[in-house]
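Every chain is numbered from 1, with letters handed out A, B, ... down the list of sequences. All values reported here derive from a predicted model rather than from experimental measurement.
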Amino acid sequence: MPELPEVEVTRRRLERELVGKRFTQVVLRASKLRFPIPVELTTILPGRIVRSIERRGKYLLFDCECGWLLVHLGMTGFLQLLRGKPLPGKHDHLDFVFGDGHLLRFHDPRKFGIVTWFTGEPRQHPLLAGIGPEPLSGAFDGEYLFDSVRGRKVAIKQLIMNSAVVAGVGNIYANESLFRARIRPGRPAGTLALNECSELAAAIRYVLEKSIGEGSTYRVAEEAVAYYPQSFMVYGRGGEPCRLCQNPLDEIRLGGRSTVFCRRCQE
DNA sequence: AGAATTACCTGAGCGC
DNA sequence: TGCGCTCAGGTAATTC
């Protein structure tokens, strides 16, 4: 499932390949993903140039001169950058054809993704307006997080997965960053001290940046290698020994999400 | 307002 | 072999 690092690596790759390129055709095969895909994409985009590609949380934003193409990969979505016009397979819902022979293909078996179109200011779009600070920006630090946890009873893991608090932290990196910060995922958010918030904010930044770095070899056309499970400290390792103390990792559910932690290393 | 729950969707894995 | 069940989990929408 694409998390922020995968989206960012995808963004960088597409930025290199597509900025300045002109859409010549849009082929729609699915009528809706999470939301209906606007049919006007097929008439608006041809002739337009990709001016820039930006990211907000896990959303990709393509500046298309007269408006924005907004893409979210959901749980199972990915973008493939292809050449020519290879025959579409199952769940290949949408193709963007470019004048230089490139084809950007949206594939998403579970249709949790989003492809939509809007004009105006991205920060005013309903899907983007309520998103909290970018975790890799200066706006996200210990003091901000401390301010956000104040009075909150919800588990700290659920709080950092709340996109209104901080953008783009999903289940994998929530687990990983809490382990790195040595904080139990189930702790009521409001019980965290300022220094713990600082540790956690730094840990979130660290695990995301590390993953983006490791993803430098990730290729959009090879979606399967989006991240590197063997490098995870806790995610997907319930019952296995902690990499630091060898204690078997606990696996619980928080808010319906698989949550893994070390009861010895995390307080 | 904050917290909890539901809805969306398909493939994989499992027990029988 | 196939059926039914559970799980995976991002996030918007809904309810409490």
Side-chain angles (χ1 to χ4, degrees), chain A residues 1-11 29-38 55-61 70-79 88-94 106-118 122 124-135 145-178 185-192 204 207-208 211 223-224 226-227 229 232 234-239 251-261:
Chain A
M1 59 251 32
E3 292 234 19
L4 187 147
E6 291 73 46
V7 176
E8 175 60 18
V9 171
T10 297
R11 188 197 68 79
R29 296 188 202 86
S31 61
K32 77 183 281 283
L33 301 168
R34 189 91 165 75
F35 304 110
I37 304 173
R55 180 185 60 73
R56 185 75 178 91
K58 295 177 189 168
Y59 288 94
L60 286 169
L61 293 118
L70 181 64
V71 175
H72 193 290
L73 301 176
M75 281 292 304
T76 52
F78 58 83
L79 289 163
K90 201 176 181 182
H91 308 307
D92 287 338
H93 305 308
L94 184 66
F106 183 86
H107 175 99
D108 184 8
R110 290 179 57 187
K111 299 181 184 167
F112 275 15
I114 297 168
V115 175
T116 192
W117 173 259
F118 70 94
Q124 290 176 7
H125 188 278
L127 293 174
L128 306 176
I131 299 181
E134 285 294 320
L145 190 56
F146 187 54
D147 207 50
S148 302
V149 302
R150 194 164 292 153
R152 303 290 294 268
K153 293 176 179 171
V154 74
I156 185 61
K157 172 162 178 274
Q158 290 170 275
L159 185 118
I160 60 174
M161 289 177 68
N162 180 346
S163 66
V165 173
V166 56
V169 177
N171 196 41
I172 294 174
Y173 295 102
N175 279 299
E176 292 298 306
S177 56
L178 283 161
R187 280 264 303 276
T191 67
L192 267 68
I204 288 170
V207 297
L208 292 175
S211 179
E223 75 295 335
Y227 38 57
F232 292 144
V234 289
Y235 179 78
R237 300 191 62 243
E251 179 155 10
I252 62 172
R253 300 192 75 77
L254 276 181
R257 306 287 152 71
S258 168
T259 302
V260 188
F261 65 97

Shorter than 3.5 Å, N or O on both sides, protein versus nucleotides 12-16 of chain C: list them out with atom names.
from    : atom 1 : to       : atom 2 : distance (Å)
dA12(C) : OP1    : Tyr59(A) : OH     : 2.5
dA12(C) : O4'    : Arg34(A) : NH2    : 3.0

Set of residues satisfying salt bridge (Lys or Arg N to Asp or Glu O under 4.0 Å) with respect to Arg11(A), sequence neighbours excluded | Glu8(A), Glu15(A)

Write down the distance between CE (Met161(A)) and P (dA8(C)), rounded to a whole number of angstrom.
-> 12 Å

With sequence neighbours left out, the residues meeting side chain to side chain contact (heavy atoms under 4.5 Å, CB included) with Ser258(A) are Asn171(A), Glu251(A), Arg253(A), Val260(A)

Which residues share a side chain to side chain contact (heavy atoms under 4.5 Å, CB included) with Ala155(A), sequence neighbours left out = Gln158(A), Leu254(A)

State whether His72(A) places a side-chain N or O below 4.0 Å from either non-bridging phosphate oxygen (OP1 or OP2) of dT11(C).
-> yes

Treating a pair as Watson-Crick (purine N1 to pyrimidine N3 plus N6-O4 or O6-N4) or G-U wobble (N1-O2 and O6-N3) with both distances under 3.5 Å, list the stems of 3 or more consecutive pairs that involve DNA chain B.
-> B:2-8 with C:10-16, B:10-16 with C:2-8

Separation of dT11(C) C1' from Arg56(A) CZ (nearest whole Å) = 15 Å

Is the distance from OP1 or OP2 of dC9(B) to the nearest side-chain N or O of His91(A) less than 4.0 Å?
-> no

Value in whole Å for how far the C1' atom of dG10(C) lies from CG of Leu128(A) = 15 Å

d(CG, Leu4(A); P, dT11(C)) in whole Å | 10 Å

Which value, in whole Å, describes the distance between the P atoms of nucleotides dC3(C) and dC9(B)?
-> 23 Å

Determine, answering yes or no, if Phe112(A) is stacked on dT11(C) under the 5.5 Å centre rule and the 30° plane rule.
-> no

Return the set of residues passing side chain to side chain donor-acceptor pair (under 3.5 Å) with Arg187(A) (not counting sequence neighbours), or none when no residue passes.
-> Thr191(A), Glu196(A)

Sequence neighbours excluded, the answer for ring-ring contact (aromatic ring centres under 6.0 Å, His included) partners of Phe261(A) is none

Heavy-atom pair of closest approach, residues Met161(A) and Ala174(A) = CG-CB, 3.6 Å

For the pair made of CG in Leu33(A) and P in dT10(B), what is the distance, rounded to whole Å?
-> 11 Å

For His107(A), the side chain to side chain donor-acceptor pair (under 3.5 Å) test, sequence neighbours excluded, returns Asp92(A)

Which heavy-atom pair separates Leu4(A) from Gly168(A) by the least distance, and what is that distance?
-> CB-O, 3.4 Å

Nucleotide dT11(C), atom C1' - distance to NZ of Lys111(A) in whole Å = 18 Å

Pairwise 5' ranking along DNA chain B for Arg257(A) and Ala155(A), keeping only the more 5' one = Ala155(A)

In whole angstrom, give the distance that lies between atom CG of Asn162(A) and atom C1' of dT11(C).
-> 10 Å

Please name all residues satisfying side chain to side chain contact (heavy atoms under 4.5 Å, CB included) with Phe146(A), sequence neighbours left out, ordered by chain then number.
-> Val149(A), Arg150(A), Leu194(A), Cys197(A)

His93(A) and Phe106(A) aromatic ring geometry - parallel, tilted or perpendicular at 30°/60° bounds = tilted

Within the sub-3.5 Å range, which N or O atoms of nucleotides 1-3 of chain B have a protein N or O partner, and how far apart are they?
from   : atom 1 : to        : atom 2 : distance (Å)
dA3(B) : OP1    : Lys153(A) : N      : 2.7
dA3(B) : OP1    : Val154(A) : N      : 3.3
dA3(B) : OP2    : Arg152(A) : NE     : 2.4
dA3(B) : OP2    : Arg152(A) : NH2    : 2.8

Can you find a heavy atom in the side chain of Leu159(A) that is under 4.5 Å from one in the side chain of Leu145(A)?
-> yes

Rounded to whole Å, the NE2-C1' distance (His107(A) to dT10(B)) equals 10 Å

Results of salt bridge (Lys or Arg N to Asp or Glu O under 4.0 Å) for Lys157(A) - residues two or more places apart only | none

Should Lys90(A) be listed as having a side-chain N or O under 4.0 Å from OP1 or OP2 of dT10(B)?
-> no

